[in-house]
Protein chains: 2
Amino acid sequence: MATMKDVADKAGVSLSTVSYVLSGTRSISEPTRALILKAMDDLDFHPNAVARALASKRTRVVALLLSPQERGMGLSELEFVKGASEAAKALDHHLVLLTEGMDSEADLAYLKRQGLVDGVILMEVHLHDPRVPLLQKLGLPFSLLGRPDPALNLPFADIDFDRTIQSVLELLTDSGHRRISFVNQSREVLDAGYGPVVRAQEAYDHWGSLLGVETSTIYSHPTPRGGWAACQAIFEGSAPPSALVVMNDRALPGVLQALAARGLRVPEDVSVVSAVTSSAAAEMMVPALTSADAPSQELAWRAVTNLVKTIENPGVVLEQTLIPCKLTPRSSTSRVDRKSH
Amino acid sequence: MATMKDVADKAGVSLSTVSYVLSGTRSISEPTRALILKAMDDLDFHPNAVARALASKRTRVVALLLSPQERGMGLSELEFVKGASEAAKALDHHLVLLTEGMDSEADLAYLKRQGLVDGVILMEVHLHDPRVPLLQKLGLPFSLLGRPDPALNLPFADIDFDRTIQSVLELLTDSGHRRISFVNQSREVLDAGYGPVVRAQEAYDHWGSLLGVETSTIYSHPTPRGGWAACQAIFEGSAPPSALVVMNDRALPGVLQALAARGLRVPEDVSVVSAVTSSAAAEMMVPALTSADAPSQELAWRAVTNLVKTIENPGVVLEQTLIPCKLTPRSSTSRVDRKSH
DNA sequence: CTGTTAGCGCATTCAG
DNA sequence: CTGAATGCGCTAACAG
């Protein structure tokens with residue numbers, strides 16, 4: 001475990017000179033630089049991250065605050081986590097995972113004073129997320145996956161729900177569908193102001209009316225059972241829809257099951273689109289679902305990049321990124337059957 | 001950002017005394033301890049993790065080496081990651097996620113010299129995992145999720161595949177099934193010596209013959225398409241099975257689809273058990289599958305605990321934990337229909 | 001029971 | 001262009 005001192009001795013130069021060839025903070029003559037590089041190589045030297053962190057006051061560690069909720073963790077979250085870890089590595093940082101109880105002021109303040117992380121990434125951001133003002137007050141750099149309602153001057157990366165829902169509805173209306181129901185997440189989550197649920201709902205209402213769709217929304221708990229109940233409720237009415245847009249991964253199996261129980265075939269009788277899922281989840285359904293897949297990897301990349309930029313240059317103009325989900329047609333959608341409607 | 005020196009000054013004691021009340025390494029008189037605690041409280045002091053790490057040569061950070069393969073990451077891995085993060089927190093550690101390229105000697109050596117982590121947890125351990133001797137050589141503490149073949153003196157936490165498969169087969173044979181096929185993961189993975197695939201196969205062969213089962217194994221790529229092909233192959237034969245054991249989450253949808261395409265109902269015509277999945281995945285299928293769920297959370301807990309113990313006491317007797325999957329009957333299994341067999 | 005002191009390994013200011 | 005010296009905040013001998 002060679003240290004900089006060892007390198008300096010071996011190269012016959014001062015310790016600081018070694019430090020400078022590492023940081024590139026000042027110019028070094030080519031001969032001495034070569035000498036030092038060789039010494040480093042010979043000794044198999046690598047700077048100690050902890051010592052460097054202590055001296056420079058930068059750990060190059062960022063934290064990902066995992067969703068406190070049980071609900072949140074699905075395949076697309078997993079993709080996000082992996083993506084964030086990779087992005088962090090690419091930017092020469094480490095990613096630590098922080099679970100549970102990281103939302104109170106005390107927790108966040110503690111995190112800051114521990115000094116182990118340079119900044120944090122928030123998941124599951126709500127419209128009025130209390131963590132945002134907290135972090136601002138603490139002066140702990142952060143970036144958001146999702147965004148609060150007025151997102152003035154905040155660095156975030158989020159799904160463009162408006163365009164996502166637009167493209168889904170257009171796909172369906174282009175295929176002749178006119179009665180399209182929306183299976184959103186639960187009422188509680190909506191009332192709690194969870195961004196995706198609120199924004200997707202707004203987008204559905206907006207584009208639905210613009211495209212002349214007969215809309216109807218049903219809120220479902222994120223369980224197969226919830227999806228089953230939701231689906232039953234939808235088809236109880238006198239004017240059943242010819243298509244379903246579902247933004248509720250966990251409820252999806254129940255929805256499909258209820259459809260089958262009613263003798264409704266997908267896509268012959270009813271088209272189904274899964275919005276804001278992972279493609280892996282959509283492909284796991286039978287039939288494979290047409291879906292608007294969350295761009296988790298890219299969002300992760302943006303979130304990490306944003307954070308690192310904020311850390312390195314606190315005065316930087318903050319980047320706000322909106323990415324729509326990519327619509328992938330699979331086997332769960334078809335043109336509406338004229339005869340039956 | 002108060003430091004220990006501030007606390008010492010405010011309490012009118014020496015810096016080291018403050019340090020000792022923190023570490024509890026030596027006895028302090030009650031009055032001075034109280035004085036110091038009060039000072040810490042007043043100044044809202046919290047020890048700086050980086051400085052502490054530098055001085056003590058322990059960062060209290062452990063790394064989770066994510067599966068290099070694309071394959072590995074499913075819902076149960078996610079549960080494992082979450083569990084590990086929680087366990088780490090409970091043991092006053094942080095968990096960093098390391099992705100990609102952490103298997104070569106250079107990578108691991110670099111990780112060690114960086115000095116940021118005290119130890120690592122390996123996932124996706126193979127029977128002859130090259131990382132194990134590497135880590136031993138480097139002297140970097142580690143613990144395993146899974147285990148190499150002779151696992152002498154290695155700390156690991158793994159699924160008890162033998163008992164898991166036994167319970168699955170017994171469930172089926174108790175219900176009258178005699179012809180039971182096994183859908184394992186791909187041949188490539190088996191040949192690569194991936195622990196779960198090898199051990200599950202051995203267990204299936206062993207218990208199958210012991211229980212008088214007509215066995216047949218088919219290897220499937222971890223995709224719906226692979227599962228479809230596997231299922232077709234299985235039912236091509238003259239003596240189709242009455243039950244399927246599937247240890248291949250990603251192939252499962254394809255298997256079910258192929259069954260349906262052949263007009264075979266689950267569980268009336270064929271019983272299906274998903275082995276070593278997450279319950280979330282089993283519940284996402286239609287019908288919800290009887291499954292042997294991987295005890296991801298508990299394994300994570302053990303793996304982290306093992307690692308921390310190893311770090312704190314290099315000479316400790318290493319713990320080896322085997323936990324069977326918990327069998328949860330759902331709607332995909334039934335007694336064999338006597339008439340049709 | 002408590003204080004003094006020497007590092008941990010590196011970044012960086014101040015000299016030269 | 002390079003060296004010497006100081007300190008980041010804390011731990012852990014060493015000395016009372």
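To the nearest 0.5 Å, atom OG1 of residue A:Thr310 and atom CG of residue A:Asp118 are 12.0 Å apart. Going from atom CG of A:Leu122 over to atom CZ of A:Phe142 covers 7.5 Å, rounded to the nearest 0.5 Å. Distance check, rounded to the nearest 0.5 Å: CG of B:Leu95 to NZ of B:Lys82 gives 13.0 Å. The distance from atom CG of B:Asp158 to atom CG of B:Leu144, rounded to the nearest 0.5 Å, is 9.0 Å. Between atom CG of residue B:Leu140 and atom CZ of residue B:Arg131 there is a gap of 12.5 Å, rounded to the nearest 0.5 Å. The distance from the CD1 atom of B:Ile28 to the OH atom of B:Tyr20 is 9.0 Å, given to the nearest 0.5 Å.
Relative orientation of the B:Tyr194 and B:His126 rings is tilted, given thresholds of 30° and 60° on the angle between their planes.
In this structure, B:Asp9 atom CG and D:dC10 atom P are separated by 12 Å, rounded to whole Å. In this structure, B:Leu54 atom CG and D:dA12 atom P are separated by 12 Å, rounded to whole Å. Rounded to a whole Å, the CG atom of B:Leu15 is 15 Å from the P atom of D:dG7. Counting to the nearest Å, the P atom of D:dG9 and the CZ atom of A:Arg113 are 14 Å from each other. Computed from coordinates, the B:Leu116 CG to C:dG9 P distance equals 15 Å when rounded to whole Å. Distance A:Leu22 CG to C:dT12 P: 12 Å, rounded to the nearest Å. Atom P of nucleotide C:dC10 and atom CD of B:Gln114 are separated by 12 Å, given to the nearest angstrom. Atom CE in A:Met1 sits roughly 16 Å away from atom C1' in C:dG7 (whole-Å rounding).
Within residues 43-53 of chain A, no residue has any heavy atom under 4.0 Å from DNA chain D.
Mapping B:Gly12 and A:Met4 onto DNA chain C via the closest heavy atom, the residue that lands nearer the 5' end is B:Gly12.
Look at B:Ser29 and you'll find a side-chain N or O under 4.0 angstrom from OP1 or OP2 of C:dT2. In terms of phosphate contacts, B:Ser19 brings a side-chain nitrogen or oxygen within less than 4.0 Å of OP1 or OP2 of D:dT11. OP1 or OP2 of D:dC10 has not a single side-chain nitrogen or oxygen of B:Lys57 nearer than 4.0 Å. Within the structure, every side-chain polar atom (N or O) of B:Ser56 is placed at least 4.0 Å from both OP1 and OP2 of D:dC10. Side-chain nitrogen and oxygen atoms of A:Thr32 include none within less than 4.0 Å of the OP1 or OP2 phosphate oxygen of D:dC1. In this model, the phosphate group of C:dG3 is approached by a side-chain N or O of B:Thr17 to a distance below 4.0 Å at OP1 or OP2.
No contact: A:Val18 has no heavy atom under 4.0 Å from any strand. Heavy atoms of A:Lys5 sit nowhere under 4.0 angstrom from any nucleic acid atom.
Minimum interatomic distance between A:Asp129 and A:Glu124 (heavy atoms only, all atoms of both residues): OD2-O, 3.8 Å. Of all heavy-atom pairs between B:Gly74 and A:Leu75, the closest is C-CD1, 4.2 Å.
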Show me the protein contacts with nucleotides 13-16 of chain C, counting only N or O atoms at under 3.5 Å.
{"unit_1": "C:dT13", "atom_1": "O4", "unit_2": "A:Tyr20", "atom_2": "OH", "d": "2.9"}

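Under the 4.5 Å side-chain criterion, counting only non-hydrogen atoms from C-beta, A:Asn306 is not in contact with A:Gln320.
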